[in-house]
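Chain letters run A, B, ... following the sequence lines, proteins first, then strands; residues in each count from 1.
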Number of protein chains: 2
Amino acid sequence: MDDRDRTILTLLQKDAQTPLAQISEAVSLSPSACSRRIQRLEEEGYIARRVAVLDRRLVKLPTTVFVLVRTSRHSGEWLEHFRKAVTAIPEIVEVHRLTGNVDYILKMVLPDVEHYDIVYKRLIGRLELFEMSAYISMETLKAGTEVPTSYA
Amino acid sequence: MDDRDRTILTLLQKDAQTPLAQISEAVSLSPSACSRRIQRLEEEGYIARRVAVLDRRLVKLPTTVFVLVRTSRHSGEWLEHFRKAVTAIPEIVEVHRLTGNVDYILKMVLPDVEHYDIVYKRLIGRLELFEMSAYISMETLKAGTEVPTSYA
DNA sequence: TGTGAAACTATTCCGTT
DNA sequence: AACGGAATAGTTTCACA
């Protein structure tokens, strides 16, 4: 993992289909050498996958809600049950187990704020006993899939 | 936007470089027709961009921290100042302005928990007056870039 | 690693429904 | 207006130095 690899990762994070010609220019290497490096970065797993990012407004999912969850149930079984429940609900796009007084954070992507109630009911229908506080995003100041490569 | 378009979007969200042959099979259409549809979905903006997703552990950024921010400053100027500050810090990957008693939520991607202090200091060095509560992710139960296409 | 040839995709054109 | 098939163009990969 050298500076060239990091530059390649930075470029591909911005645009996954950057032509080899452009990459090779950026790192002062031939297209074939770049191709081999990218292949290596994929095989070794640095590049997990390449995905299309959709326009949230156009696909009618403009609303983002974060939900902080507290529970009194802390068994491994409950956690697995919870994991299955959130995995099965497509509007829930991200879930983390946290330290501190909040147990979980959920990120939901919804057509509108009213739709939150549907997901809420689906969740409490499957899982017993917990408290949820919803925070509706009024404005996205920063978003993206890119992470700094300097640490790699 | 018909069922075929939605299927195409679903496939490309999972793998942005799904071969046309495979897509055309999935939607029972010729490769050329699929090519045109994808082109249209890009031109009309449904597909915002295609990006490479990196393995967070391998690029040495395994730690996720959510930060809830409260502030007493609520001017438009302060907001712009805040936006510039978080935009300039690459470890901060997502920022939303919220409703309710919490003003902002930040998502940070870090090499380790200790690194949080560095970002914390960088933030409070640029912005006056606010309160931050950090919640460290112990486990990611669900993550991804995919959103449901049924609403589109 | 770089160069050039080959293979593979994807795209465009055109005739058709 | 949209599709399928054939020709074209572009990109990636391979063989070899």
Asks: Do the side-chain N or O atoms of Arg37(B) get closer than 4.0 angstrom to the phosphate oxygens (OP1, OP2) of dA2(D)?
Replies: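 No, outside the criterion.
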Asks: Atom CD1 of Ile23(B) and atom P of dG4(D): how far apart are they, to the nearest Å?
Replies: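 To the nearest whole Å, that distance equals 14 Å.
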Asks: Do Tyr104(A) and His96(A) make the cut of ring centroids closer than 6.0 angstrom?
Replies: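 No, too far apart.
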Asks: What's the CD-P distance between Gln22(A) and dT11(D), to the nearest Å?
Replies: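 For the pair Gln22(A) CD and dT11(D) P, the rounded distance is 10 Å.
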Asks: Evaluate whether atom OH of Tyr120(B) has more than 12 neighbouring non-hydrogen atoms of other residues, nucleotides or ligands under 6.0 angstrom away.
Replies: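 No, the 6.0 Å shell around OH holds no more than 12 heavy atoms from other groups.
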Asks: Rounded to whole angstrom units, what separation is found between the CD atom of Glu25(A) and the C1' atom of dT11(D)?
Replies: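 Between C1' of dT11(D) and CD of Glu25(A): 16 Å.
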Asks: Using distance alone, with no hydrogens and no angle criterion, decide if His115(A) and Tyr151(B) have a side-chain donor and acceptor under 3.5 Å apart.
Replies: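 His115(A) vs Tyr151(B): donor-acceptor pair found between side chains.
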Asks: Between dA2(D) atom P and Leu41(B) atom CG, what is the distance in whole Å?
Replies: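 Rounded to the whole Å, the gap is 12 Å.
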Asks: Atom CG of Asp2(A) to atom P of dT1(C): distance rounded to whole Å?
Replies: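 Computing the Asp2(A):CG to dT1(C):P distance gives 9 Å.
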Asks: Regarding Arg40(A) and Glu43(A), does a basic nitrogen lie under 4.0 Å from an acidic carboxylate oxygen?
Replies: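 No salt bridge links Arg40(A) with Glu43(A).
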Asks: Can you establish whether the number of heavy atoms outside Glu25(A) located under 6.0 Å from its atom CD is more than 12?
Replies: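 Open.
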Asks: In the 5'-to-3' direction, what one-character label does each nucleotide of nucleotides 5-17 of chain C receive under the scheme B = base within less than 4.0 Å of a protein heavy atom, S = sugar-phosphate only, - = no such atom?
Replies: -----SBBB----
Asks: Using a strict threshold of under 4.0 Å (side-chain N to carboxylate O), is an ion pair present between Arg37(B) and Asp5(B)?
Replies: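 Salt bridge between Asp5(B) and Arg37(B), a charged N being under 4.0 Å from a carboxylate O: yes.
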